[in-house]
2 protein chains.
Amino acid sequence: MLGVAAGEGDRSGRRATIIDVAHHAGVSIASVSKVLRGAPGVSSAMKERVNASVEALSYRPHRLARGMRGPMFTVGVMLSDIENPFFSLLIQGMVEVFGSQGYELQIAPATAGEESQNSVIDSLIDHQMDGLILIAPRGREEHLERIGEQVPMVVIGPHGPSEHYDTVSGDDELGSALIVDHLVSLGHRRIAFLTNEHPADRLNLPESARARGFEEAMGRHGLSDDLLFVPGVWSLEGGRDAARRILEASPRPTAVHAGADVAAFGILSYLWEEGVRIPEDVSVAGYDNSPMGSFTPISLTSVDQSGHEMGAIAAKLLLERIAGRSEPHNDVLTPRLIVRGTTSAPGAAIQSR
Amino acid sequence: MLGVAAGEGDRSGRRATIIDVAHHAGVSIASVSKVLRGAPGVSSAMKERVNASVEALSYRPHRLARGMRGPMFTVGVMLSDIENPFFSLLIQGMVEVFGSQGYELQIAPATAGEESQNSVIDSLIDHQMDGLILIAPRGREEHLERIGEQVPMVVIGPHGPSEHYDTVSGDDELGSALIVDHLVSLGHRRIAFLTNEHPADRLNLPESARARGFEEAMGRHGLSDDLLFVPGVWSLEGGRDAARRILEASPRPTAVHAGADVAAFGILSYLWEEGVRIPEDVSVAGYDNSPMGSFTPISLTSVDQSGHEMGAIAAKLLLERIAGRSEPHNDVLTPRLIVRGTTSAPGAAIQSR
DNA sequence: CTACAGTTGGATAACGTTACATAGGAGGCG
DNA sequence: CGCCTCCTATGTAACGTTATCCAACTGTAG
């Protein structure tokens, strides 16, 4: 009873520790730890006493101290673009899975730069996360491979085949081809594709896969001479900028595959301002099926990737890896075309011939 | 030299610790720690040796172990809605400030529910974050107050006055009034406001302030009898739903203050589908000035809140609190009206009188 | 009544770092 | 030449957990 100066009293201010709980319950630290972890070898009377003290002191375990020895029960997500609404969908899918499995999720925001992303990933590792999910990382495969050796990891995006981590991605090549098939079946021949700035040496980004799918499908239809790559950036402004150049192109394309919804919005915006009729004069298709696209007056033809499901799958794969699986899984989800109002048979363009 | 069994060899696989670095450099652990922390009392020769070993072993400090004694140099953000693009803006503002000050940012995603948010906040505290930023939390003031006593905290949203934490918010009441003033000056009298579901007892949410501002301004213009509150939800679907009811209202309002851009998008979508002309038949205004709103054909009249700046201010306030300030700051940013194409003098509506 | 198995509770060494207290050595001054 | 001072480098006790090992106790069978 008459212990150290401070004594038994709940000297408030400081957070209660497992030691405080042990004193309060009049049992050993080890026993409290056992109860808290649900470890075997404790009587129900002991459980009750400890739980009462935990309640009384409103004790919460110190995650760092716990993490010093065992798992943190926390996974980290590297988010390469916090503004991308598709990525938000992914995260919602993850949250549900992890939440139901007692894992916590922490997001580290990065920018599009490889350097920023790498430092964010390192930080996540420094924080002893039990696993990592990388959303559309820009890092080189060999670098990712090295990270995957250190910590359970899942990459969202068209990477792989991988040795030390799992991947989940949509079949962007197929999705892109679906758009081309759709446009060609409507009668289009001259089709433009807006490329996202992509260095030639890094071939495993969504933009690269979509570009490949576009090129392949155009070739399959015998239209290799009718395709037009428009270099630019997948953003509202980038779309507007690209639209300007598309209008100036000669011969002018009758359809545009924007590569991404956000770019399509920019393109639409510019075309509307210029009095170009959609879809009569120019058909426009996006990619991602963002919520905004489904609404009037946009009604954008797009490709759905079911981001929610993709996030959930990534989460499940990560949990499996944390549990010990080491053979790599590479899940590819099949995208589907959503036809809406911005695509139709070429009208004015055909007449002008 | 002939130490323990494992000896000096870089037994790889495990992550290098400060002890490995000390052995490698042939100095004490304490010295390594000093160099790493930039503490005074180390010779430049020592610095060089240690840094060389750090490099050689590619050592990275263990954040948890560090956090056990001192600060974590990590701040946590409770994000109540990951889909809200305005919140993304806030985070971008924060990232810049924290990044430049050597702090890391981790985001914990929550849902709109108070319960979910509280558990996320608790978790952030369990992770020993040095400070917390809460984005539009739903918790009661007294609960927030209690958290603020435990850890440096900044709340973004119209809370306060507070005793133990800082707040940053836009003047939503004023912003809402700006919209009303604008509409009234154009000649509107009958104006609808889309309320976001808000329990009567929790008055300090943005939606409440915007509702108050609407009511106050209408009263100021002697239009208290002409206002129409439309209960609903601030989302695309919620906007569409509200638009339906607004069209059925009698007398039909000539203008709608949607409360938020996302709701305005839904309203516009439905009205366009129904063949209602914007702005001739009905004027629509949003709130938040989201990027999409500025583009044709939406061109939404809205209120700008400079989210980027708001996030940066929140970050700075938090750093001040972490540094020791305890007097509460309550920053209020002045919003500004952005007039675009969805508002004009009432046309058809006036003729129908 | 003793020996033994089975069960329950407790001491304690890690985990990787920081920061405090102190030892050792060089240099300056009387 | 010795003492004092400063400066650098080191040893080590925390921080709050977990998990292993061990002691004590209970009950049971011989």
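Within every chain, numbering begins at 1; the chains are lettered A, B, ... in the order of the sequence lines, protein sequences first and strands thereafter.
- Residue A:Leu36 contributes atom CG, which lies 15 Å from atom P of D:dG16 at whole-angstrom precision.
- Of the residues near DNA chain D, B:Met68 and B:Ala45, the one whose nearest nucleotide (by heavy atom distance) lies more toward the 5' end is B:Ala45.
- Here CD1 of B:Ile107 is found 10.0 Å from CD of A:Gln106. Values are rounded to the nearest 0.5 Å.
- Between B:Arg140 and B:Glu114, the closest side-chain pair of non-hydrogen atoms falls below 4.5 Å.
- Heavy atoms of A:Ser43 sit under 4.0 angstrom from primed sugar atoms or phosphate atoms, though from no base atom.
- Here A:Thr17 lies in heavy-atom contact (under 4.0 Å) with sugar-phosphate atoms only.
- We find that CG of A:Asp20 is positioned 10 Å from C1' of D:dG16, with the value rounded to whole Å.
- Closest to the side chain of B:Val27, out of D:dT10, C:dA19, C:dT12, is D:dT10.
- The distance from atom CD1 of B:Ile19 to atom P of D:dT10 is 15 Å, rounded to the nearest whole Å.
- Residue B:Leu333 comes nearest to B:Ile313 through the heavy atom pair CD1-CD1, 3.9 Å, listed as atom of the first residue, atom of the second, then distance.
- Of the listed residues (B:Arg63, B:Arg66, B:Arg15), just one forms a salt bridge (charged side-chain N to carboxylate O under 4.0 Å, His left out) with A:Asp126, and that residue is B:Arg15.
- Put simply, A:Ser28 has a side-chain N or O that comes within less than 4.0 Å of OP1 or OP2 on C:dG10.
- Across the interface with DNA chain D, nearest-nucleotide mapping of A:Ile29 and B:Gly26 shows B:Gly26 to be the residue nearer the 5′ end.
- The separation between B:Gln128 atom CD and D:dC15 atom C1' is 10 Å, rounded to whole Å.
- Residue B:Ser33 is in base contact, counting any heavy-atom pair closer than 4.0 Å across all strands shown.
- No contact: A:Arg63 has no heavy atom under 4.0 Å from any strand.
- Atom pair B:Ile18:CD1 and C:dC15:P shows a separation of 14 Å (rounding to whole Å applied).
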(request) Please assess A:Tyr165 against A:Thr167 for the test side chain to side chain contact (heavy atoms under 4.5 Å, CB included), listing each intermediate value before the final yes or no. (result) CA-CA 7 Å; A:Tyr165 57 93; A:Thr167 64; 3.7 Å; yes

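- Side-chain N/O atoms of B:Lys34 and base N/O atoms of C:dA19 include no donor-acceptor pair closer than 3.5 Å.
- Put simply, A:Arg66 has no side-chain N or O that comes within less than 4.0 Å of OP1 or OP2 on D:dG16.
- Side-chain N/O atoms of B:Arg69 and base N/O atoms of C:dA19 include no donor-acceptor pair closer than 3.5 Å.
- Across the protein-nucleic acid pair, B:Asp126 atom CG and D:dG16 atom P stand 14 Å apart, rounded to whole Å.
- Ranking C:dG10, C:dT18, D:dA9 by closeness to the B:Ser31 side chain, first place goes to D:dA9.
- Residue B:Ala30 has its side chain nearest to D:dG11 when only D:dA9, D:dG11, C:dT18 are considered.
- Regarding A:Leu64, its CG atom lies at a distance of 12 Å from the C1' atom of C:dG16, rounded to whole Å.
- Among all heavy-atom pairs drawn from B:Phe87 and B:Ser80, the shortest one is CE1-OG, 3.6 Å.
- Regarding B:His62, its NE2 atom lies at a distance of 7 Å from the P atom of C:dT17, rounded to whole Å.
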